[in-house]
*Asks:* 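For reference, the structure I am asking about is given below.
Any value given below was found using the heavy atoms of this structure, including those in side chains, with hydrogens, waters and symmetry copies removed. Naming: A, B, ... by sequence-line order, numbering from 1 per chain.
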Amino acid sequence: MAHKPSIPKGTRDFSPSQVSKRNYIFDIIKKHFRTFGFQPIETPSFEKSETLLGKYGEEGDRLIFKILNSGDFISKVDDVTYSSKKSNTIAPKISEKALRYDLTVPFARYVVMNQNELDFPFKRYQIQPVWRADRPQKGRFREFYQCDADVVGSKSFIQEIEFIQLYDSVFTDLGLKGVTIKMNNRKILAGIAEVIGAKNLLIDFTVALDKLDKIGIEGVQKEMLEKGISAQSIEKLTPLFSLMGGSLERLESLKQLLADSEIGLEGIKELTYIIKGVEALGLKSSKLGLDITLARGLNYYTGAIFEVSAPEGIAMGSIGGGGRYDDLTGIFGLKDVSGVGISFGLDRIYLVLEELNLFPENIENTLDVLCVNFGEDEAMTALQLISKLRESGVKADVYPTATKMQKQMKYANNRKVPYVILIGAQELENKTFVVKNMVNGEQTEYAMNAIEEFLKVL
RNA sequence: GUGGUUGUAGCUCAGCUGGUUAGAGCGCUGGUUUGUGGUACCAGAAGUCGCCGGUUCGAACCCGGUCUUCCACCCCA
């Protein structure tokens, strides 16, 4: 072997302990998806390029992994295109498929393709990896899992309320207390843009506003100026930064600022309804907050938008997000289907749970019982015992070779096995087995025909 | 995509302005202990110093390239 093997940038191998911890999170998320009435679907890892390209903005397109065509694909490119040396022109000729970038767009495609079979409102959840050709950072990978739940075919804001409860249920169950669910509404952002006269610069406007807590008011104003929003417009924005009070109070104040914007007022009405609903039902451990500056990148959101941030003091980007999109299926030819959904960022939740030491202790316990091997006859007897334990659902194993006891005990210790069974010559003769509790070192002898006694201890 | 950062034993890291046989802790192997792990003591193995090239009498150390890591942009889970 000339070089040590390695894996591509931004990808990871997962050890047994890491997989156990990841599954712990997956299982909890799935459990709550199901109890909220969502059904699972899966879609292919790769889609036709046309399905994905142009759905995430220019920046998104750049981050989509494109798959080279099979066969002698270069020879099929005409000379003019080939010699142009322009990636954007050549790429479509040599690549017709791309790795899925998120789960929402493939879901929209799925809904359109199966519109006649689905019962609307259709609630689905989907837990699969996605790929982005991004530059990796902490909590940012090129291959990572998304855990999505969406509802399509219902304009009711009860859905939004339920998604906030779903977030709360999952994070409470994970023991992650004090997460903040930030909420805003694209209609409010559109309203503000309209009122200040920057309607046609909505995207630049929201992107700049989104950075408020990072670069401050002056930074936001500077960026808006650079993007071509007039100083006059920016001036009109000032009252926005000094809104006071609770969510509902701030919405009330906002009403006056957006009095001339129909769409803005609509957004306020929606958020007021949702916040009142959530307040009436109550949250178990999360906090719901209104954040007028929350924008979120993806262009397809049209109504409420959510973003979940880790509890205070944890340096981690958002651990979940979502929102309502009124016309996602429209791009695939199915009009007037409103959808709303949320996503959990598994990898980041993992990092947060790890940092706060919130994984249950027994999660890495992959073996309950190890039987020491003393030799051929003893091992055969041990195997009979182990088989019975396995039938009762106990994770049990026999050490495969009769090496030194010290080595076998050490192996049990490293694997964090709570019980070691000893069957040596003496036990063989007495038809018994000795169980050693690896935590307190105590040993108990059981009769071979009284396995139930031992099962009670487990 | 832009700018920066990191890479030395299985792991975490030392290694002075380039100087001869590259170190520590943990882990691993063996022993003290031939039916007992987690503690202690003793001994031992293990590294083409990320990779390729250059400068130099001489490179882990300087220079260039490349891959990787992390960070700030961009964007986002």
*Asks:* Take atom C1' in B/rC16 and the same atom in B/rG23, then report the distance between them in whole Å.
*Replies:*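 Taking atom C1' in both B/rC16 and B/rG23, they lie 14 Å apart.
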*Asks:* Could you tell me whether A/D347 and A/R140 make a salt bridge, using a distance below 4.0 angstrom between a side-chain N and a carboxylate O?
*Replies:* no
*Asks:* If I take atom CG in residue A/D347 and atom P in nucleotide B/rC70, what distance separates them, rounded to the nearest angstrom?
*Replies:* 12 Å
*Asks:* Tell me the interatomic distance from A/N437, atom CG, to B/rG37, atom C1', rounded to whole angstroms.
*Replies:*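 So the CG-C1' distance, A/N437 to B/rG37, works out to 12 Å.
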*Asks:* Please identify each residue that fulfils salt bridge (charged side-chain N to carboxylate O under 4.0 Å, His left out) with A/E50, with sequence neighbours left out.
*Replies:*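 Per chain and number, A/E50 pairs via salt bridge (charged side-chain N to carboxylate O under 4.0 Å, His left out) with no residue.
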*Asks:* Look at the side chain of A/Q146 and decide which nucleotide, out of B/rG37, B/rC74, B/rA77, has an atom nearest to it.
*Replies:* B/rA77
*Asks:* Atom CD of A/Q137 and atom P of B/rC75: how far apart are they, to the nearest Å?
*Replies:*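 Nearest whole value for this atom pair: 13 Å.
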*Asks:* Taking only side-chain nitrogens and oxygens of A/N414, does any of them come within less than 4.0 Å of OP1 or OP2 of B/rG27?
*Replies:*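 So the side-chain polar atoms of A/N414 never come under 4.0 Å of the phosphate oxygens OP1 or OP2 of B/rG27.
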*Asks:* Check whether any side-chain heavy atom of A/F359 sits under 4.5 Å from a side-chain heavy atom of A/S20, and report yes or no.
*Replies:*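 No, every pair of side-chain atoms sits at 4.5 Å or beyond.
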*Asks:* Pairs counted only when both distances fall under 3.5 Å, Watson-Crick or G-U: show me the 5' to 3' dot-bracket for RNA chain B, [ ] for pseudoknotted crossings and | for other-strand partners.
*Replies:* ((((..(..((((.....[...)))).(((((.......))))).....(((((..]....))))))..))))....
*Asks:* Suppose you measure atom C1' in B/rU12 against the same atom in B/rU6; what distance do you get, rounded to whole Å?
*Replies:* 15 Å
*Asks:* Looking only at atom C1', what distance separates B/rA9 and B/rU48, rounded to whole Å?
*Replies:* 14 Å
*Asks:* Check the distance between B/rC73's P and A/K222's NZ and give it to me in whole angstrom.
*Replies:*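 Going from A/K222 (NZ) to B/rC73 (P), I get 13 Å.
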*Asks:* How are the rings of A/Y411 and A/Y399 set relative to one another: parallel (under 30°), tilted (30 to 60°) or perpendicular (over 60°)?
*Replies:*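 The rings of A/Y411 and A/Y399 stand perpendicular, inter-plane angle above 60°.
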*Asks:* Of the nucleotides B/rU36, B/rC74, B/rA77, which has the atom closest to the A/F144 side chain?
*Replies:* B/rA77
*Asks:* On RNA chain B, nearest-nucleotide positions of A/G321 versus A/A133: which is more 5'?
*Replies:*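 Between the two, 5'-proximity favours A/A133.
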*Asks:* Considering only NZ, NE, NH1 and NH2 on the basic side and carboxylate oxygens on the acidic side, decide whether A/E354 and A/K21 come within less than 4.0 Å.
*Replies:*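 A salt bridge links A/E354 with A/K21.
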*Asks:* Round to the nearest Å and state the distance from A/W131 atom CH2 to B/rA77 atom C1'.
*Replies:* 15 Å
*Asks:* Contact class for A/G320 (heavy atom, under 4.0 Å): base, sugar-phosphate, or nothing?
*Replies:*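 Counting heavy atoms under 4.0 Å across all strands, the contact made by A/G320 is with sugar-phosphate only.
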*Asks:* Give me the distance, rounded to whole Å, that separates B/rG31 from B/rC62 when you measure between the P atoms they each carry.
*Replies:* 45 Å
*Asks:* Base, sugar-phosphate, or nothing: which does A/V207 touch, judged by heavy atoms less than 4.0 Å apart?
*Replies:*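 A/V207: backbone/sugar contact only, no base atoms under 4.0 Å.
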*Asks:* Between A/R390 and A/D397, does any side-chain N to carboxylate O distance fall below 4.0 Å?
*Replies:*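 So A/R390 pairs with A/D397 through a salt bridge.
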*Asks:* What distance, rounded to whole Å, do you find between the two C1' atoms, one in B/rU34 and one in B/rA24?
*Replies:* 35 Å
*Asks:* Considering only atom C1', compute the distance from B/rA14 to B/rA22 and round it to an integer number of Å.
*Replies:*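 Approximately 11 Å lies between the C1' atom of B/rA14 and that of B/rA22.
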*Asks:* Do nucleotides 29-35 of chain B as a string where each nucleotide becomes B, S or -: B if the base has a protein heavy atom under 4.0 Å, S if just the sugar-phosphate does, - if no protein is that close.
*Replies:* --S---B
*Asks:* Salt bridge or not for A/E47 and A/K55, using N-O below 4.0 Å?
*Replies:*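 Not counted as a salt bridge, because no side-chain N and carboxylate O are separated by less than 4.0 Å.
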*Asks:* From the options B/rC28, B/rA77, B/rC73, select the nucleotide whose nearest atom is closest to the side chain of A/F141.
*Replies:*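 Between B/rC28, B/rA77, B/rC73, the one nearest the side chain of A/F141 would be B/rA77.
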*Asks:* Write down the distance between CE (A/M438) and C1' (B/rU36), rounded to a whole number of angstrom.
*Replies:*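 Taking CE of A/M438 and C1' of B/rU36, I get 8 Å after rounding.
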*Asks:* Looking only at side-chain N and O atoms, does A/N184 offer a donor or acceptor that is under 3.5 Å from a partner on A/Y301?
*Replies:*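 No.
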*Asks:* Can you find an N or O donor on one side and an acceptor on the other, under 3.5 Å apart, linking the side chain of A/R140 with the base of B/rC71?
*Replies:* no
*Asks:* By the 4.0 Å heavy-atom rule, please label A/G10 as base, sugar-phosphate, or nothing.
*Replies:* sugar-phosphate
*Asks:* Using a cut-off of 4.0 Å on non-hydrogen atoms, how would the nucleic acid contact of A/G57 be classed: base, sugar-phosphate, or nothing?
*Replies:*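 It contacts nothing in the nucleic acid.
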*Asks:* Name the one of A/F163, A/Y145, A/F33 that satisfies ring pair (Phe, Tyr, Trp, His ring centres under 6.0 Å) with A/F344?
*Replies:* A/F33
*Asks:* Starting from C1' on B/rA77, measure out to CD on A/E143 and report it in whole angstrom.
*Replies:* 14 Å
*Asks:* NA contact type, A/S318, heavy-atom cut-off 4.0 Å: base, sugar-phosphate, or nothing?
*Replies:* sugar-phosphate
*Asks:* Taking the same atom, P, in B/rC52 and in B/rU8, what whole-Å distance lies between them?
*Replies:* 16 Å
*Asks:* With respect to the side chain of A/R135, which nucleotide from B/rC76, B/rC71, B/rC74 is positioned closest?
*Replies:*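 Side chain of A/R135 sits closest to B/rC71.
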*Asks:* Heavy-atom count check: over 12 atoms from other residues, nucleotides or ligands less than 6.0 Å from A/K395 NZ?
*Replies:*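 Counting neighbours around NZ of A/K395, more than 12 heavy atoms of other residues, nucleotides or ligands fall under 6.0 Å, so yes.
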*Asks:* Of A/N440 and A/D134, whose nearest nucleotide on RNA chain B comes first from the 5' end?
*Replies:* A/N440
*Asks:* Could one point to a donor on the side chain of A/N413 or the base of B/rG38 with an acceptor on the other under 3.5 Å away?
*Replies:*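 No such pair is found, so the answer is no.
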*Asks:* Taking OP1 and OP2 of B/rC75, is either one under 4.0 Å from a side-chain nitrogen or oxygen of A/K211?
*Replies:*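 Yes, such a contact exists.
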*Asks:* Could you check whether A/V439 gets within reach of a base, just the sugar-phosphate, or nothing at all, counting any heavy atom under 4.0 Å?
*Replies:* base
*Asks:* For A/I319 and B/rC76, give me the distance from atom CD1 to atom P, rounded to whole Å.
*Replies:* 18 Å
*Asks:* Under 4.0 Å between a side-chain N/O of A/K9 and OP1 or OP2 of B/rU68, yes or no?
*Replies:* yes
*Asks:* Would you measure the distance from the P atom in B/rU5 across to the matching atom in B/rG10 and give it in whole Å?
*Replies:*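 The same atom, P, in both gives a distance of 28 Å.
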*Asks:* Should we count CD of A/E58 as having more than 12 external heavy atoms under 6.0 Å?
*Replies:* no
*Asks:* Taking all heavy atoms of A/L189 and all of A/F205, pick out the closest pair and write down the distance.
*Replies:*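 For A/L189 versus A/F205, the nearest heavy atoms are O-CE2, 3.7 Å.
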